[in-house]
Amino acid sequence: MSLEARRRAFEPFFTTKPDSGGTGLGLEMVYGFVRQSGGHVTLYSELGHGTSFGLYLPAVRQANNMGFIALEHPKDPISLLGRGEAILIAEDNVRVRKLSIERIHDLGFETLEADSDDQAYQLLKDGAKVDAGVF
Amino acid sequence: MIDAVQLQSTLINLALNARDVMGEGGELLFSIANVSINDSYMAQG
């Protein structure tokens, strides 16, 4: 991978193969999944030689011979769901903004959008009711 | 616990990326290990 590709590998919609159907969402999905699972991702690459990804995921502790149980404080995915709270999303990249809105909406939140911090500030000044913001 | 379906998608994703960049063939290796993330592990970089 080139330096540019390494830097932007996990960025949504960044692809080195736009002509052959690359969506730029593959590694973004990998990164999102691992981070949401409480882990992290490493990337090591030498141009022309190869690339290795490390996916670090939290371990489970062995309970008995029958299987595994989760650690004491598993992240309960249910508790991450919203109940219509309003989230203000400020993002200048229109595709990233649309994707963010779609995903946050799917999690049960209402969304407001702004294409800049200034616009977000204006919305808030004009009295928009917002529970949290993503900038 | 992690989501099995998402893990499957993740591994397929990485495999497809590897395939796409190795047009003339190459080596794709998956390995799995338990590691303890502690100071000496971090120091190895």
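The model shown is predicted, which means the values in this text are computed figures rather than measured ones. Numbers restart at 1 for each chain; the letters A, B, ... are given by sequence-line order, proteins then strands.
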- Item | Segment of B:Leu16 engaging chain A (4.5 angstrom heavy-atom cut-off) | neither

- Query: With a 4.5 angstrom heavy-atom cut-off, which part of B:Val21 approaches chain A: side chain, backbone, both or neither?
  - Reply: neither

- Side chain / backbone / both / neither for A:Phe33 at chain B, heavy atoms under 4.5 Å: both

- Note on the structure: dist A:Ser100:OG -> A:Lys98:NZ (nearest 0.5 Å) comes out at 12.5 Å

- Query: Taking atom NZ of A:Lys129 and atom CG of A:Leu88, what is their separation to the nearest 0.5 Å?
  - Reply: 13.5 Å

- Measure up the A:Tyr56 and A:His40 rings against each other and bin them: parallel (under 30°), tilted (30 to 60°), perpendicular (over 60°). parallel

- Charged N to carboxylate O under 4.0 angstrom, A:Glu28 versus A:Arg95? no

- Query: Can you name the nearest heavy-atom pair linking A:Phe10 to A:Val41, along with the distance?
  - Reply: CZ-CG1, 3.6 Å

- Task: With a 4.5 angstrom heavy-atom cut-off, could you sort out which part of A:Tyr44 is near chain B: side chain, backbone, both or neither?
- Result: neither

- Counting heavy-atom pairs under 4.5 angstrom with chain A, the leader among B:Leu7, B:Asn34, B:Asp3, B:Ile37 is B:Leu7

